[in-house]
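Each chain gets a letter, A, B and so on, in the order the sequences are listed, and its residues count up from 1.
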Amino acid sequence: MAEALARQLEDTLDPTSEVMSLQMGPSHPATHGTVKFNLKLDGEKILDMDVEIGYLHRGFEKMCEQRTWNHVVPYTDRLNYISPLINNAGFALAAERLLDIQAPERCQYIRMIMSEISRMADHFTCLGMAAAEAGAISVAFYGLEARETLFDIITAVTGARLTVSYARVGGVTQDLPEGFAERVRGAFKDIRAVMSDCDNLLSKNRIFIERMSGVGVLSKEDAISYGVTGPLLRASGVAYDVRKSDPYLFYDRVDFDVPTGTEGDNYDRFSVRFEEIRQSMRIIDQALDQIPEGPVRVDDPRISLPQKKDVYGNIEGLMNHFKLVIEGVKIPPGEVYQAVEGGNGELGFYLVSDGSGRPYRVRVRPPCFFGMAALGQMLKGYMISDIITTFGMVNMIGGECDR
Amino acid sequence: MIDIAISAILTVFILANIMNLGGLLLWVERKGSAILQDRIGANRAALLGKLPINIGIINTLVADPIKLFTKEDFVPPNADKFLHWMAPILAMVPALIAFIAIPFGDILVIGEREINLQAANLNVGILYILGMVSLGVYGVVLAGWASNSRWALLGGIRASAQMISYEIALGLALIGVVMTFGTLDLQEIARAQGHMIGGVLPGWGIFYQPVAFFIFLTAGIAESKRIPFDLPEAEAELISGYFTEYSGAKQATFMLVDFLESIIVAGLITTLFFGGWQVPFLMRDGLHLPGDIFYPLPSLLVTLVQHGAFVTKLAFFCWLQIMIRWTLPRFRYDQLINLGWKILLPIALANVLVTGLMILIFQA
Amino acid sequence: MDLLTFFMLAVPLVLFAAVVILHPSPVYSAMSLVVVMSFLALYFFFLDAHMLGWFQIIVYAGSIMVLFLFVIMLLNLQNDPQEHQQPSLRTASRIGGAVLIAELVFLFSRSSSSEKAAAELPEGFGTVVALSEKLFTDFLIPFEITSILLLIAAVGAVVLAKR
Amino acid sequence: MAPISYHLILSGILFTIGVMGVLLRRNTIIIFMAIELMLNAVNLSFVALARHLGSMDGQLIVLFVMAVAAAEAAVGLAIILMVFRNKETINADELKLMRW
């Protein structure tokens, strides 16, 4: 360690060496989500790149072991904080599989709709920020505006923009508000307008295309061997999507396409994400048509909290509430791996239960961790400016990557 | 003696106006981009407590400079103190004094005296401005070097390569214009654009040299280091590029220089391609409309209208550059150099060739 | 050009030229050379070579010296650590140079102002028209050869730097 | 107009400074700058003589010198870059071998 440091220092100080070592981050404008790149540069060309992550490590997995199952849900909000609803749904699904129960149908649809809304918000943030870092700041604000309409919907449903904590084991906290479907469809109109703006400003913009295409190429084989998933993998030409290959919720009941790229470069990633926003809208449209009336939580006092009037009104309700809050949902011993398709790829929850009210072990497979691992490979031989666009397209979210 | 006094007054007039325009552009850039992006933009600071109207302009014109100029002036410990201090000055001076060659009106008649509305009547005005533009690179390069920071150094290297590359396209675009008008004097070029092509179309440079206009606009934006050519200071890549290590007044100077340079570019475009202070049909003695209709006008009014026309055109091209800045993404270093050497340079050369051929054909 | 102007230009020229060769830092040397070039441009103006003055600024100060700075920055050259050359040669060149300069200064003090007066300047001396008329008539062939030389140099530089 | 000998002697002084630079300094880039200084000294005398004789020929020669100097700077600096890449030094004393 000390030796490596000394060598690094020597490289840094050697005036005659043409190789310039440069530390990009952790407080560099482009390294949002705090990450550091140790670069070896020849002029502007990247000879070697070492990605240093972990600046946002909060001990998520360890923290979860101290909390009851339902108390973990707010922690999952902080994983990928742009699309917390997907994390919520993923965790709840995993816990439900351990419990061997199915949430009510309406709840599953709600989770699906909210997941897709989150995915759209995630993609809009990613695309907008990538554009902003490439210099087209106006597009970023358009993207954020679209995201804001989505966040408004999320706020109306959950009561919070980012820290939603919407899912519970066996259901969601509350039903959808009045006029939800109309509101969502109205928002889609705005979003389509924003998307056509972005299309005109970016997808057809020669400068943007040249900045993105042919940059950060990751071949199909490399992508698979690095374990990359999500838009990154699909851009490399592998049509792997958890929603298709391993359907959860009711993704098998709706009709949607999995867009793929051919080159595996940034432009493909951009197009894939762009197309996925459209597909999400398709999914939500169908789900809004299919969604039935009904409860949003399982009707089981061992899992779902009782009604408030029971808590305040009778002793059984109070005791039930007390037990559930203090001891938590008792999940039978066992282990489970449940993957959902997060904004950046396969978001997996590996849960181990020992039968007490708290998880014995929680392990999250963060999708962008693998993207970050492949980043050095993607960028070797390219230029400094390419780090910005490629890193933007990997869309590292610190909370998720470092946990 | 009086001539010197007049020159001094004109110079002061120009410098004061240009500095104000630079500050104003900062406000337009903020507020204009806010409108473009559905934001509110600069709106803090109100005159006399709380006025019902938002006067963000006061903020940017007064409060911002006060804030910037009272900030700590930080010099990095290992920086070259002298050059670090010199760099903003070296950037500012050429940008400021380049303006004195740009004519902002025809003549002002006071009594018997005819005053040429151009601070310095240089017969090689174009060369003068080219020279000043080429000197402007030193401030940037030295800022990059003297800061003793890798980001600044990268910015400085980018700036020197970029500015040398685009100067060539800029110069060749100008040669087409010079060939068309046969003079290097900017005032003469502006005067030569006073006629009408076929009685309706103003005889502006853009109609003779459309290709040169686009090359000049592109290379000019590149010289003033603004998006899509703002690589030397690309904030997402190099933090602030060559002025990463600057703060307070010096940083404000660099920011102002960017605006000054875009005003120079706008002024040159106006003068070379859009008739300078010329207003269609308006001659020195009055309005000559097609069909031999003639309205005589007082000389002072004509001068004022022409000056107004110059300012309007100048403002338009400043605005155009700001709109471009907020619309396009930026290039990558290699793409930028490719564009300069492999696209703009050949087109500019071809333009010179075609212009020469046309002159030969039409003179024969 | 009167004597006062001459000295106002000559003294800084010599001083900055000395800084070019004496300063340890290459960047300072280059910047001093830029100052020398700019003063030379002014000098040319006062010698009625207006066009050349602007060319001096654009070509030398604006382009060639930026190229120098670019290379210095690209190589990230710091101050020279030490000049290890044969000390005898160093001393010899120092003495020789000093003697030569002293001789020139001596000559300068001896030179009288009663020389043959300068010739009358023809109309338009040093202007664009005069320069280009000569350039494209009497000096046409050298001009073309120079342009070819420039082309070769450009190609050569690209080839060398790319290798 | 100052006498012509003044200009020529100034030119001579500048040239001498240039020569001393070449002799004293070991940094090739500074040697190169000293050469530029010598070229400029010569230019100065050309321009002064052109003014003295009232003939444009001197100025034209200067024009050519500038063009050649530009070419020389481009190629020379490219060579220096190459040498640095291969030898990691631009100290003239360490570049003893003609082939590299």
Only pairs of heavy atoms separated by less than 4.5 Å count here; which of [options] has the most with chain D?
options	value
C:F44, C:F55, C:F143	C:F44
C:V59, C:L135, C:V36, C:I72	C:L135
C:P142, C:A18, C:G96	C:P142

*Under 4.5 Å, counting heavy-atom pairs only, tell me which of D:L8, D:V19, D:L14, D:L77 racks up the most with chain C.*
D:L77
*Who wins among D:V62, D:L60, D:I80 for the most heavy-atom pairs under 4.5 Å with chain C?*
D:L60
Residue [X] versus chain C: region with a heavy atom under 4.5 Å:
X	answer
D:A41	neither
D:L49	neither
D:V47	both
D:L63	both

Any chance you could measure [X], atom [atom1], to [Y], atom [atom2], to the nearest 0.5 Å?
X	Y	atom1	atom2	answer
C:M37	D:E36	CE	CD	5.5 Å
D:M20	C:L22	CE	CG	7.5 Å
C:I21	D:L37	CD1	CG	8.0 Å
D:N43	C:L52	CG	CG	8.0 Å
D:M56	C:L131	CE	CG	4.5 Å
C:L13	D:I13	CG	CD1	10.5 Å

_Is the ring pair D:F64/C:F139 parallel, tilted or perpendicular, if the boundaries are 30 and 60 degrees?_
tilted
*Measure up the D:Y6 and C:F6 rings against each other and bin them: parallel (under 30°), tilted (30 to 60°), perpendicular (over 60°).*
tilted
*Check whether C:F70 gets within reach of chain D through its side chain, its backbone, both or neither, counting any heavy atom under 4.5 Å.*
neither
*Check whether C:S29 gets within reach of chain D through its side chain, its backbone, both or neither, counting any heavy atom under 4.5 Å.*
both
_Contact between C:Y60 and D:L39 at the side-chain level, heavy atoms closer than 4.5 Å - yes or no?_
yes
*Report the residues that fulfil side-chain hydrogen bond (donor to acceptor under 3.5 Å, both in side chains) with C:Q56, sequence neighbours left out, ordered by chain and then residue number.*
D:N40
*In sequence, state the C-alpha distance, the side-chain angles, and the governing distance for C:I64 and D:E72, and then conclude on side-chain contact (heavy atoms from CB on, under 4.5 Å).*
CA-CA 10 Å; C:I64 296 183; D:E72 175 219 348; over 6 Å; no
